[in-house]
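What's counted below: heavy atoms across the whole structure, side chains too, no hydrogens, waters or symmetry copies. Protein chains get the first letters and strands the later ones, always in sequence-line order, with residue 1 at the start of each.
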Amino acid sequence: MVAEKPSLALSIASFLADRNQMHSRRGQLDVHEFEGRFQGRPAHFKMTSVIGHVLSIDFLPQFQNWETTHPASLFDAGTKKSEANPKAHVCRHLQSEAKGCTHLVLWLDCDREGENICFEVMEHTLAWMQRVPGQQVFRARFSSITAPDIRAAMDKLVQPNENEALAVDARQELDLKVGVAFTRFQTRFFQGRYGNLDARLVSYGPCQTPTLAFCVERSQSIAAFQPQPFWSVRPHASKQGQALDLQWDKGRLFDQEVTQLYQHLVAQAGQLRVASVTEHESRKHRPHGLNTVELLKVASASMGLGPHYAMQIAERLYTSGFISYPRTESSGYPPGFDFSGTLASHRSHPIWGQYVLALLQGGVQPPKGGKDVGDHPPITPACSATEAEVGGGDAWRIYDYVARHFLGSLSADAVSKKTKVVLSAGGESFHAEGVTPLRSGFTAIMPWKATEAAALPPMTEGEALPITSVELHQGKTSPPDYLSESDLIALMEKHGIGTDASIAVHINNICERNYVSIQAGRKVVPTELGNTLVRGYQKIDPELCSPQVRGHVEAQLSLIAAGKAEKGSVVMHTLAQFAHKFRFFVAHIARMDSLFEASFSPLSSSGKPLSKCGKCARYMKLISARPTRLYCPSCEEVLALPQGGTIKLYKGLSCPLDSYELVLFSQAGPDARTFPLCPFCFNHPLEGAHLWGAGAGSKGGMPCTMCPHLGCKHSFLRQGVTPCPECDAGTLVLDPVSAPKWRLDCNRCNFLIYLPLDLHSVRVSRRTCEECDSNLLKLSWKKGSASAIRAGSEDQEACAVCDEDLRKSCDVKHGRSYAVRRGGGRSRGRRGRRGGRGRGRGREDPLMSFRDF
DNA sequence: GCAAGGTC
């Protein structure tokens, strides 16, 4: 039996196993075993879980390359599924546990994704199971994680629903192809086109883009807002010394003269006559059960915690056993939820213990209303805990809220008495309202929801009150505010953008992509980039950012799930639609580009001249906005540079291979390295060269310190000294601008050696050490320095490995990766050069000597 | 370097 997550495997198994009969094997994924009966026969049960989706979809390797793949071809590109989280070894686990089993019961969550995971699990179990006659695969359908529901599901097992699973496969393929095609195209088009555009990635997605559009549309209506002046009549009067706050029944008028007319009429009347005094009871309904979206909204609006962060905290509270599962759509408690038990555990809580006792004494009335989606119960406290136990801080604030919300949902409604007094003067009606709380109910434990008393002075029908003055109040309509995060969550939920588990991720995405920023009061304000993108979609094809498109796709998917349409044809049809939209978008990208031109400075006009182009010999410009790059205006060529440091000219030296002027790259921080590079070579590495900065979003480039060219005097073959004793793969290269603290840096790892401080200058000699084959160093010592005296001369050629005096006065620094290597003495033939310079002699490892430093 | 959906 397989559940969707480890926690559910445990609870389902314990509902099904006889008490104390369960044996759990701990491992990366726990297995719970017990004896029982299956289909009327004794059986041995094994219950385990996966960790969400087992597989995840991606393009075939040939489409992974941004350079060689046309984004438009992605719509027809082949895809494959591979293990979603290879490190977790879920497939291996399923296969090995399946061995010897005769039957499979699928306990995955009862939603489409869960149905899809059923088939992922089958793929990695069926072929490993023992074949027996009859039905071997079963699906358990449960509507809540409670013992009776789980047992009932076990008694009427069904078949997994392939159509629902296929609908998910279709969604995965559509999301991947549409998202990636647009993302790659946009990124490629805009990146490198504008100097001050700080966007490594200009992403597009069926959820993130409509989410962004909500924020931009609000910002557009703020910008388009025209304030309108309005007027209203405000008579002033008081009773028993208490001023009355009177509202005009006409509200406000947009015509000053007409309002003035009413003002005169009221003023002429001189007094207000009480037309009616009515009272009615007003109820504030206790809250429903707490679901994820509600928790995220409260966290953002009332605690100032962003959704992504709030989810992280909620997850930690869940895994530490303080609250129930935090990803749930349900706001209604399942039938049979143990209210009394959960409540009773809080009876001695230092803060709300008294309140709980009172609730228990009054007899718990199970909450009604809310929606039980059957996924998980609403979020509740899983145990009673104090601030210190929870760990204080934001964790406590979330736990405290969850607990109070739970208690509130079991409490009585709050009741108050509302009094409305209607007064008239000169034919105009005004009213005042007062409120008196009668019963605090749930607001006693959720005090921020409490109604404040605002009593009116006693008034009786027919009574007259003198008017002291009549004000002609002028105001003006004000624009809406930016969307708050909590508004945005509500909009996403309403339009079905994302799920309870992913809403926080999408909001986080548009922040990280620099499309919006979160400002005071957790308002989501679009950036220039966010605004420009959405305005661009609006100009080219507004559907690209409209929330209805997701809905349209969902409707198509539902046809598959309901068995009314075939997956293949829906995918083909929908992909054709998006491919069409994509071609249209590409053809009309100039419309979006013109908006970018207005907001960002084109590359040709930004940046400052730095180094000469090897092709046209004119100066190229250094674009300092990320990603830092060089741009040749006359060749219209963009050359990538290493990131995260500064770029300077390197003594006006040029690359002998292509005539580009060399530049120096310096990282920031202590012991950070500096190395020269040729802008052209960096972007066009020699075959087989190791690259600097590869991975993490960059394909990397070849600086001089990694250049294996035989004929270039800047290559590591000429500037390198000896193999790195630390990383086994790199070479120690002289940093040519490190004076006065001359140093050798490994070109692969962060190992480095400071040469003695009394050096005046250093060069790498063309001669090699007879002992160890390292390149010798041409040392020029400072006059009269200790080293000069020891060497007997100011000029010396010495081997950094074999010359003991030199070695002893060096200072080795190394980074995190440093670990003492045992053994060694392996032959390393990576220098690829006759003479094998820098290679150890026989089995005696020259690197050993470095370890002694 | 890309999407969105699970889960941790």
Student: Rounded to the Å, how far apart are A/I117 CD1 and B/dG5 P?
Tutor: 13 Å

Student: For A/Q312 and B/dC8, what is the distance between atoms CD and C1' respectively, to the nearest whole Å?
Tutor: 11 Å

Student: Reckon A/G114 touches a base, only the sugar-phosphate, or nothing at all at heavy-atom distances under 4.0 Å?
Tutor: nothing

Student: Counting just side-chain N and O atoms, does A/R513 come under 4.0 Å of either OP1 or OP2 of B/dC2?
Tutor: yes

Student: Taking only residues two or more places apart in sequence, or in another chain, which ones meet A/F600 in a ring-ring contact (aromatic ring centres under 6.0 Å, His included)?
Tutor: A/F596

Student: In whole angstrom, what separates A/H376's NE2 from B/dT7's P?
Tutor: 6 Å

Student: Taking the side chain of A/Q208 as heavy atoms from C-beta outward, which of B/dC2, B/dG6, B/dA3 is closest to it?
Tutor: B/dA3

Student: Of the nucleotides B/dC8, B/dA4, B/dG5, which has the atom closest to the A/N509 side chain?
Tutor: B/dA4

Student: Please give, in whole Å, the distance from B/dG6 C1' to A/I57 CD1?
Tutor: 15 Å

Student: Measure CD1/A/I497 against C1'/B/dG5 and give the value in whole Å, please.
Tutor: 14 Å

Student: Does OP1 or OP2 of B/dG1 have a side-chain N or O of A/T187 closer than 4.0 Å?
Tutor: no

Student: Please pick, from B/dT7, B/dC2, B/dA4, the nucleotide with the shortest atom-to-atom distance to any side-chain atom of A/E4.
Tutor: B/dT7

Student: Do A/W66 and the base of B/dG1 stack face to face, with centres under 5.5 Å apart and an angle between planes under 30°?
Tutor: yes

Student: Side-chain N or O of A/Y318 less than 4.0 angstrom from OP1 or OP2 on B/dT7?
Tutor: no

Student: In whole Å, I'd like the distance from the CG atom of A/L317 to the C1' atom of B/dC8.
Tutor: 14 Å

Student: DNA chain B: A/I51 or A/Q64, which has the more 5' nearest nucleotide?
Tutor: A/Q64

Student: Nearest to the A/L201 side chain among B/dA4, B/dG1, B/dG5, which nucleotide is it?
Tutor: B/dG1

Student: Verify the distance criterion only: is there a donor paired with an acceptor across the side chains of A/Y194 and A/D593 at less than 3.5 Å?
Tutor: yes

Student: Compare the minimum distances between each of B/dG1, B/dA3, B/dT7 and the side chain of A/R188, then state the nucleotide with the smallest one.
Tutor: B/dG1

Student: Regarding A/R188 and A/E67, does a basic nitrogen lie under 4.0 Å from an acidic carboxylate oxygen?
Tutor: yes

Student: Rounded to the nearest 0.5 Å, what separates atom CG in A/N514 from atom OG1 in A/T527?
Tutor: 5.0 Å

Student: Is the shortest side-chain N/O distance from A/S56 to OP1 or OP2 of B/dG6 below 4.0 Å?
Tutor: no

Student: If you check the A/N85 side chain, which of B/dC8, B/dC2, B/dG1 turns out closest?
Tutor: B/dC8

Student: Taking the side chain of A/R171 as its heavy atoms from C-beta onward, which of B/dG1, B/dC8, B/dA4 lies nearest to it?
Tutor: B/dA4

Student: Side-chain N or O of A/R327 versus OP1/OP2 of B/dT7: is the shortest distance under 4.0 Å?
Tutor: yes

Student: For A/R550 and B/dG5, is the shortest distance between a side-chain N/O and OP1 or OP2 below 4.0 Å?
Tutor: yes

Student: Does the side chain of A/H506 get closer than 4.0 angstrom to OP1 or OP2 of B/dA3 through an N or O atom?
Tutor: no

Student: Within the 4.0 Å heavy-atom criterion, would you say A/F185 contacts the bases, only the backbone, or no part of the nucleic acid?
Tutor: nothing

Student: What nucleic acid atoms does A/P6 come within less than 4.0 Å of, heavy atoms only: base, sugar-phosphate, or nothing?
Tutor: sugar-phosphate

Student: Atom NE2 of residue position A/H89 - does it have more than 12 heavy atoms of other residues, nucleotides or ligands inside 6.0 Å?
Tutor: yes

Student: What is the distance from NZ of A/K5 to P of B/dG6, rounded to the nearest Å?
Tutor: 10 Å

Student: Please figure out whether A/E315 or A/Y204 has its closest DNA chain B nucleotide nearer the 5' end.
Tutor: A/Y204

Student: Could you tell me whether A/E115 contacts a base, only the sugar-phosphate backbone, or nothing, with contacts defined as non-hydrogen atoms closer than 4.0 Å?
Tutor: nothing

Student: Among side-chain atoms of A/S203 and A/Q208, is any donor-acceptor pair under 3.5 angstrom?
Tutor: yes

Student: Let me know the distance between CG of A/D111 and C1' of B/dT7, rounded to the nearest Å.
Tutor: 13 Å

Student: A/W692 vs A/F682, test: ring pair (Phe, Tyr, Trp, His ring centres under 6.0 Å). Steps then yes/no.
Tutor: CA-CA 9 Å; A/W692 193 89; A/F682 189 80; 7.3 Å; no

